[in-house]
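This report refers to the structure that appears directly beneath it.
Order of listing sets the numbers, starting from 1, for every ligand and every atom in it.
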Amino acid sequence: MESFSYSISHDLKNPIASIKTYAQLLLREKQLEGRGQLMLQRIADRADQMNLMINAVLNYSKIGKIKMNAIRIKMDNILRVIVDDLLIVHHHHAPNVTIDVTHDLYGDEVMLHQIFSNLISNAVKYSQKSIPPKVSISSMIENNEVIYSISDNGLGIAKTDQERIFELFNRMDNVQDIEGSGVGLAIVKRIIEKHKGRIWVKSELGQGSAFYVALPEPQVLH
Ligand code: ADP
């Protein structure tokens with residue numbers, strides 16, 4: 001699957017780059033009317049979008065191959081950095097983010113950062129316009145697993161969609177006006193599985209969501 005998607009993506013990149021270039025060249029034609037301009041701009045925009053999707057497939061397929069540098073990680077530091085970055089981005093209407101218990105995890109630091117950065121930024125991104133965003137992060141130990149929860153009071157996910165959100169490029173109907181590519185959670189799931197862990201979600205539409213990440217407890221592994 002990895003080598004297949006890698007070569008497919010590479011072979012797709014050239015023709016898409018050509019589409020983009022020809023669309024841009026045509027856009028410079030003086031005699032082109034407004035409607036024609038608009039259509040050409042759409043062609044160029046869709047070529048960009050396709051390029052982004054191909055890069056996403058490349059990143060997704062690379063996860064399997066990347067060598068992990070697994071160590072015991074103090075999650076406190078990682079989570080603080082992620083939340084501080086987020087607060088800088090959202091300084092106009094700062095979300096209320098609380099970090100409670102943070103058990104250590106065993107894994108690749110860059111990859112763990114990627115998991116939590118995705119989940120926490122989604123928790124803020126998919127907030128309701130009518131109420132201030134609130135996000136709580138905590139962890140507990142159960143049956144030799146460290147289980148992290150990231151809960152929000154945001155838009156929520158319909159029951160029938162809850163499995164689909166972890167598939168590549170899937171975005172739900174209730175988030176149409178919020179930008180995204182539908183790639184983050186697919187990558188998060190793949191990274192977690194590479195760490196022999198699990199991810200699941202509990203959510204009510206219009207009420208909020210809680211994402212759970214369970215990874216083997218560091219003590220058990222050593
Ligand atoms: P993106 O955010 O780029 O759309 P993701 O893979 O991170 O991609 O998420 C996939 C979809 O899952 C989102 O488009 C949204 O429909 C849903 N989703 C993810 N996180 C949340 C959340 N915290 N609250 C509500 N919906 C969410």
Side-chain angles (χ1 to χ4, degrees), residues 1 5 9 45-46 48-64 66 75 78-79 81-83 85-87 89-90 93-100 110-139 147-195 197-215:
M1 185 276 196
S5 56
S9 305
D45 290 349
R46 292 298 176 274
D48 280 343
Q49 185 186 1
M50 208 178 261
N51 212 18
L52 286 177
M53 288 170 91
I54 288 171
N55 285 338
V57 171
L58 278 177
N59 285 334
Y60 180 77
S61 71
K62 263 192 254 163
I63 295 167
I66 297 173
M75 288 304 294
I78 292 192
L79 293 170
V81 170
I82 294 171
V83 172
D85 285 351
L86 207 70
L87 292 179
V89 176
H90 295 271
H93 40 91
N96 175 343
V97 186
T98 53
I99 303 176
D100 192 7
V110 176
M111 291 189 183
L112 288 184
H113 190 286
Q114 205 173 350
I115 295 172
F116 286 93
S117 167
N118 260 294
L119 294 176
I120 298 168
S121 60
N122 274 352
V124 175
K125 183 161 99 170
Y126 297 115
S127 57
Q128 316 216 32
K129 287 196 182 81
S130 51
I131 49 171
K134 224 175 138 193
V135 180
S136 335
I137 304 156
S138 193
S139 68
I147 305 178
Y148 265 86
S149 62
I150 295 104
S151 0
D152 64 59
N153 61 345
L155 294 170
I157 303 154
K159 291 268 176 282
T160 45
D161 289 339
Q162 290 177 7
E163 280 300 314
R164 296 178 50 231
I165 59 170
F166 298 104
E167 291 161 14
L168 206 53
F169 303 134
N170 276 352
R171 306 197 72 233
M172 303 310 116
D173 292 340
N174 63 331
V175 303
Q176 298 288 9
D177 55 340
I178 302 171
E179 268 194 39
S181 58
V183 173
L185 286 181
I187 289 184
V188 163
K189 183 162 192 241
R190 208 140 182 236
I191 293 176
I192 291 173
E193 284 167 356
K194 199 176 163 88
H195 282 78
R198 307 177 288 134
I199 180 168
W200 68 97
V201 66
K202 285 185 187 160
S203 183
E204 287 287 339
L205 199 58
Q207 303 285 314
S209 314
F211 281 82
Y212 296 89
V213 174
L215 293 177

Exercise for review: Check step by step if salt bridge (Lys or Arg N to Asp or Glu O under 4.0 Å) holds for Glu193 and Arg198.
Suggested key: CA-CA 6 Å; Glu193 284 167 356; Arg198 307 177 288 134; over 6 Å; no
Check your understanding: For Glu163, which residues count as a salt bridge (charged side-chain N to carboxylate O under 4.0 Å, His left out) partner, sequence neighbours excluded?
Key -> none
Exercise for review: Using a cut-off of 6.0 Å, state whether more than 12 heavy atoms not belonging to Lys159 lie near its atom NZ.
Suggested key: yes
Study note, to complete from the structure: In this structure, CD of Gln49 is separated from CG of Leu52 (nearest 0.5 Å) by 7.5 Å
Check your understanding: How are the rings of Tyr212 and Trp200 set to each other: parallel, tilted or perpendicular (split at 30° and 60°)?
Key -> parallel
Practice item. For ligand 1, would you mind listing the residues that have at least one heavy atom less than 4.0 Å away, ordered by chain and number? Key: Asn122, Ala123, Lys125, Tyr126, Asp152, Gly156, Ile157, Ile165, Asn170, Arg171, Met172, Val175, Gly180, Ser181, Gly182, Val183, Gly184, Leu185, Ser209, Phe211
**Study point:** Ile157, Asp161, Leu155 screened by side-chain contact (heavy atoms from CB on, under 4.5 Å) with Asn174, the one that passes
**Key:** Leu155
